[in-house]
Each structure stands twice: as structure tokens, then as C-alpha cells.
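Structure first, then comments.
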Number of protein chains: 2
Amino acid sequence: MSTIRDVAKIAGVSIATVSRVINFPEKVGIETRKRVFRAMEVCRYKYNALARGFATKRSHTFGLIVPTITNPIFAESTRGIQDFANEQGYQVILGNSDYQYEKEAKMVEVLRERQVEGLIITTTNLKGETLKSLLDDRFPFVLLYSTVRRGPISAVGVDNFLGGYRATEHLIHFHHRRIAMLAGAFNCSDRSFHRWHGYKRCLKDNHIPYDPDLVLKTEYSLARGREGVKSLVSFKNPPTAIFCSNDFLALGAMAGAREAGISLPQDLSIVGFDDMQIASSVTPALTTIRQPAYEMGELGAKILLHHIGNKVYKPVHKILATRLVIRESTTVVRTMKKEFYKTKAMSVHGA
Amino acid sequence: MSTIRDVAKIAGVSIATVSRVINFPEKVGIETRKRVFRAMEVCRYKYNALARGFATKRSHTFGLIVPTITNPIFAESTRGIQDFANEQGYQVILGNSDYQYEKEAKMVEVLRERQVEGLIITTTNLKGETLKSLLDDRFPFVLLYSTVRRGPISAVGVDNFLGGYRATEHLIHFHHRRIAMLAGAFNCSDRSFHRWHGYKRCLKDNHIPYDPDLVLKTEYSLARGREGVKSLVSFKNPPTAIFCSNDFLALGAMAGAREAGISLPQDLSIVGFDDMQIASSVTPALTTIRQPAYEMGELGAKILLHHIGNKVYKPVHKILATRLVIRESTTVVRTMKKEFYKTKAMSVHGA
DNA sequence: CCCAATAATGTAACTGTTTACATTCTCAAT
DNA sequence: ATTGAGAATGTAAACAGTTACATTATTGGG
């Protein structure tokens, strides 16, 4: 509507003075300042932050790309980012990639055109091309939920390998030996891959043979979790426990198990990954590997802001601690005990 | 980095021509066009959408305010908004109000300074002041999850009264007579208020006396749901069913009931409101009133875009249909039956 | 009373596009 | 050859701020 020039005219000062009362009021004489404020009232002046961004080449905007804001774990980290960003006078433009490379790359482009000052990319399968151009241009960005621990790209994440290991270990402590995994999709990020490695390694360390039939690579969703258990449970020799690569899968698996008439956790132990808010309130409450999502977002935003502020670019890598939260969806093996003894007897018999 | 002028210089054309190849390539001779594209490659030209926005006074940006993106139901409608907006070349800046008036008002101001072309405000307790200034300025905005059905403000929402009525009615069909309500907070939006009215009315229509002790006005959260049941259940004459004003409350109530040793749904029926994604996958699966959140977001964005495009402002009000989704968390009253017969016997005795 | 330092204010260029309008060019119809 | 229409291209102003630099006013010390 009305601009700085209108205000200047009404107040009888120059536009520079108006600009100063907006940005450095103390640099302007008290009387003039008052006059300017009054003039602003008069013409209902509204500051134009976009014009300012244009003039200063600072948009005070972050771009944020998540697979889908619909997943509570990403909503959580998004809050962490927003809260920090807003506090620092930044706003965030949010885009969804749906785990698709093309959408992600497109979004990066769109956001850069919009002159966001930096990008937070949450779990990525960006091809080298996009990443390289970001790097070449020294464009500030940080990866969230990332597994990278070195190299030129800043990243914050958790130790997915360790998380997978701990989850599996917990199950083994409860005497499970036949442990399946709903592993997520390997093509869309390497987090699921690392969790799977942790699982495999833990099996190995405990002298449990790895059975590839027990790991299902599926997309992260309730539906896939539900289907997953059903197929697992129909095996001649079904698992007594499942490690799910995220909570959606775990929650879906619980629902599926129930539909299949399996009682939880007695007949099937389930552990998830993420610890989304609802995990503690379902029945049975979900045992899971907690990721500090909010903190991760907050930290990512902090790092990004730091990159924006400093011309020398020094990548930083942060690994946040996960935590095994033991609740009710896991218990010591039961059905398998029978099996176990039976097998033993048979092997004695056979010897 | 490099601007349209650099490109122009390299290609040996005027800046207007470069601008034209970007916006109306067909208006430029094929040869020149090629030369310009080549020049862009050479200097790695990047389009500056912010400068364009400044020049055209169109930011191609929506502002979106939600209580918190952390609530899956708002994440759902946010996706609806984003998907439509992106498709139309718009981006969305997201802000959280945490159900607080001040934050909401602040966010409106910040977003307007940023020259968003319109605002989608999702459930608001905006005071007249802010709303009035939006209206006075003819600033395009639409309310989501709104209860307003007439007047100068565009709004889309559901019939909360009817939803509350239906939920209660469902419980009554199952012979519940002592029905509590976890009602949400009345000060932060009138949706909970309407749901409560639906509940009251349904009680009345069925000749069940309204007992104010049975309605707890609490904030929308798992924790409050959990606390809520516990207090309800400790009554000398506890309810046999609870209608919860949203799914968080309902899910929290289920967890709380379980902790109190109550078996669901036999001893306590629970119905929620929203139908968030997880509602169908918990145990027992939650009976709830479904709101079409994604569609609501999409529709809201459509209406907003329409307002932006048309200078004459004609407010529109849309009420989307809710649906009672019956699952497993509600069943015919059991414990109450005893009570019921006993009471009957007594009354006979007393007669 | 003068000078220098400092505070207050003004001038004008700059940011990267778009766009109305002007100019030039091409070509077909006269 | 002349004209006029239409296509291709160029010129320059506008958008709403910021900011380096210049100018003017004020003040305190000599």
C-alpha cells in the first residue's frame, strides 16, 4: 500500500530517515522519530520485508524439505527448526519430497530460486548432481536424519547402526532367536540400510544365523507394517520378534498381528524406531529406539544459521544419541520356548 | 550471482529480451533465444524469484498458521494445502500458534510483512482487532476447521455440532446412559464448544440428564486425556463411555484407562474426533468422527487462490461432511447393565 | 567567538526483475 | 518503390527498501 516515501513526505523527512527509524531508531532524533511514527499511523504504513530482502539480498528464509510432514517424526523436527528459526527472525518454507528423488531435486531448485538463505534437507536420496551444484555454489545446507559422518556436507543424525544393534540386542536379551525385520526401503535413504546392518551384526555377535527371508524391505507406512507381519507370521517357522525400522511400521505390525489373532506381546515382540509421540500411548506401549527429533531439527537449524553467518565454510557432523525405550511391546519369548525345547529334543534324538 | 544483465551482455541482447525468453520464449526469435540460453549456461545464471516478486508485487506465497504441525490432523490438512499450492506455483510458509492468541496475531503480522498473497489460518482465536484489519485491508484469507457459516470471512470446516451429536448418539445406541466428555479447551476455538453442544443436545433428545461433572474441559493432548479418564473413573458413579473432543484426547484416554486397569472396550467405550491416521491401527481401533482434513486443506487453498485472483471479494463458506467411523473402541454397555437393572428394581421397590 | 567533533538528516545510487512504449526490421500487398 | 502490419528487439522507468557518502546543525572546549 503506502511506502517509505509516503511516510517520508508526510513526516517531512527523507526516506533515509524513515528507513533509519525502522532499523536504527536510536540514530534518529527523538522528535523526528515521533513525527515519523505518527506519519506511519496516518498512512497505515506496512513494512515490506520482501523489498528489504531484495535490497539487502537476505531473505531471512530457510527452505526445509521433508519426505512428508504427515509423518509425526518429521513434524517434530520441523517444530525444532521453526522454533529456532522464528526466534532468529527467519521463516521457513516447507516442501515434501515423498521420498522421491525428482521431487526433492525440483524442490531444491524452486527454493533456491526463491532465494532462501539455506536449506535443511531431511533424509535425502539426492543424486550427486544436485548435491554437487549446492557444494560448488557454496550454498549453505545441512542434512537431517543423515548418516554421513565426514566429508564436505554438514549433517546431523543418529547412529542408525547402533540403534539397530540395540533394538536387536534387547530382543536377544529376552531370549528371542528368530527375529525378523521390517526394514524400510533401501533405495530412499541409507538409514534403513544402517539399521539393518546393526541388526545383522548383532545377530552375528550372538551367533544367530542371519535368515534373509526374515527381512522385508518395504516402504515406511502403517499399511506395509500390517501386511508385513501377516506374511512373516504365515511362515512354517515364524519369528517370535520383529524389529521394525520405524514406528509406523511397528504400529502397523501391531495392528496386523492383532488382526491375525496373535496376542501381543506374549506371542510376538515388536520394537520400533523413532519414538513418535503416540508410541507411549498405544496398547501395548511400544518399545522403540528414541530419536531426539526436535533437538535434531533445532541443532540442524543452528548449524545452518552458522554456515550462513560465516563466509568460511567448515562442515560439521553431529551424531545425536538414541535411546532404547523399553515399554510393553517386548517380552521374553514364550511360544518359541516350546519350539526351542522340541528342537533340542529332536536333535538329541537325531544324535 | 549473475543477473539478467550479465546474460544480456554475453548474448549481446537487451535485458528485456532475456526477460522475455524466460517468461514468453515464443515471443523471441529462435536464434536469439538459443543465444540467450547459451549465455545463461555460460554464466550459470540463476533466476531470482524474489526480485521478480518484488517487481510484480506477487510473492506466489501463502502463509499458513496452524496450532502445531505436530498434531497429525493439521499435518494432514497442511499436505492438502501444499500439494495444491505447489501445483499452482505457490509455496507455503508455515507458522505455529500453539493455540495462543498472541503468537497467532504476531504470525499474521510477520507473514503479511513478508508479502504473502494470502493467509490460511487453521483454527483461530484471533481477536477482532487482527481480523478486522485483515478485512479492512481486503487481505485474502480463509479460516480452516472453522465454525463460521456466514458473514464476511471465508471459512471451511465441518459441522462440529452434528459430529458431537452423532458420536453421542452412537454411544446411546449402545445403551450407554452415563456418558462423559473430554471436551477440549473452550477458550482457544469454538469447535470444542460446538461439539459439546452436540453432545448436550443429543443427551437431551434422548432424555438423559446432563451432568456437568462428567465434562472435563482440558487442552488437546495425550497427557490430558490420560489424566482425564483417571479422574472420571474414580467417581462413585463413573461413566461407561467417553466422547473425546479429539483423537489425541481419546488415545490418551485409552492409555489412561488401561493404566487404571480398565478393560477396553468392555468396561469403557471411547469415541474420538478427527480420525487421525493412527486411529485405525491402535488397539482397540478407535471409533471416531472422521474429518476430511486433506480435502479441507485443499479446498481452503483453492478458495484462497480464488480470492487472490478476483478483485471482487465474495466470501464463501463450506461445510464438509463428517462421518462416524465405527471401530472397536465402542461396544454395548456392560457394567452399566447391572446398574441399570438394579436401579429399576429399586425404583419398583420404592414405588 | 571559533573550531572540531559529533549528531542528525539528506542525496542518490543500488538491488534484479517486469513492462509499457518506442524503435527497427521484414515482407507481402499495393 | 511505397506502405502498412506484424514480429523482433531495445529503452527506460518502476517496484520499496538500504546504505555509503555528503551535508547541515549542535555543542563543548579553547
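In what follows, every heavy atom counts, from backbone to side chain, and hydrogens, waters and symmetry copies are set aside. Proteins get letters first, then strands, A, B, ... in listed order; numbering begins at 1 in each.
When the P atom of D:dG17 is taken as reference, atom CZ of B:Phe54 falls 8 Å away, rounded to whole Å. Whole-Å rounding puts the B:Asn48 CG to D:dC15 P distance at 19 Å. A straight line from CD1 of B:Ile15 to C1' of D:dA13 spans 10 Å, rounded to a whole angstrom. In this structure, the CD atom of B:Gln115 is 9 Å from the C1' atom of D:dA16, given to the nearest Å.
Neither side chain, A:Ser146 nor A:Arg191, offers a donor N or O lying under 3.5 Å from an acceptor on the other. Side chains of A:Ser14 and A:Thr17: a donor-acceptor N/O pair is present below 3.5 angstrom, by distance only. At a cut-off of 3.5 Å, with distance as the only test, no side-chain donor of A:Asn160 or A:Thr147 sits close to an acceptor on the other residue.
B:Thr56 comes within contact range of the sugar-phosphate backbone alone, with a heavy-atom separation under 4.0 Å but no base atom that close. B:Thr17 comes within 4.0 angstrom of sugar-phosphate atoms only, judged by non-hydrogen atoms across all strands, and of no base.
Of the residues in residues 1-10 of chain A, those lying under 4.0 Å from DNA chain D by heavy-atom distance are A:Thr3, A:Ile4, A:Arg5. Of all the residues in residues 26-46 of chain B, B:Val28, B:Gly29, B:Thr32 reach under 4.0 Å from DNA chain D with at least one non-hydrogen atom.
Summary of the strand contacts: A:Lys57 and B:Ala16 both lie near DNA chain C, and taking for each the nucleotide with the nearest heavy atom, the more 5' one is attributed to A:Lys57.
Residues forming a ring-ring contact (aromatic ring centres under 6.0 Å, His included) with B:Tyr90 (at least two apart in sequence, or on another chain): B:His60, B:Phe62. Shown here are the ring-ring contact (aromatic ring centres under 6.0 Å, His included) partners of B:His317, two or more places apart in sequence or in another chain: there are none. In terms of the ring-ring contact (aromatic ring centres under 6.0 Å, His included) criterion, A:Phe141 has no residue partners (sequence neighbours excluded). Take A:Tyr313 and apply the ring-ring contact (aromatic ring centres under 6.0 Å, His included) test, not counting sequence neighbours, and it matches A:His307.
Residues in residues 148-157 of chain B take part in these salt bridge (charged side-chain N to carboxylate O under 4.0 Å, His left out) pairs, two or more places apart or across chains: B:Arg149-B:Asp159. For residues 291-311 of chain A, the set of pairs meeting the salt bridge (charged side-chain N to carboxylate O under 4.0 Å, His left out) definition, not counting sequence neighbours, is empty. Pairs of residues two or more places apart, or lying in two chains, that qualify as salt bridge (charged side-chain N to carboxylate O under 4.0 Å, His left out) and include a residue from residues 80-99 of chain A are A:Arg79-A:Asp83, A:Asp98-A:Lys103, A:Asp98-B:Arg79. Sorted by first and then second residue, the pairs that involve residues 46-63 of chain B and meet salt bridge (charged side-chain N to carboxylate O under 4.0 Å, His left out), not counting sequence neighbours, are A:Asp137-B:Lys46, B:Arg58-B:Glu117.
With B:Arg33 contributing its side chain and B:Val28 its backbone, the two residues share a donor-acceptor pair below 3.5 Å.
With axes fitted over five pairs at each extremity, the angle between the ends of the helix from C:dC1-D:dG30 to C:dT30-D:dA1 is 50° (10° resolution).
For DNA chain C, the contact window with chain A, defined by any atom under 4.0 Å from a protein heavy atom, covers C:dA8 to C:dG16 in 5' to 3' order.
No side-chain heavy atom of B:Glu219 sits less than 4.5 Å from a side-chain heavy atom of B:Tyr99.
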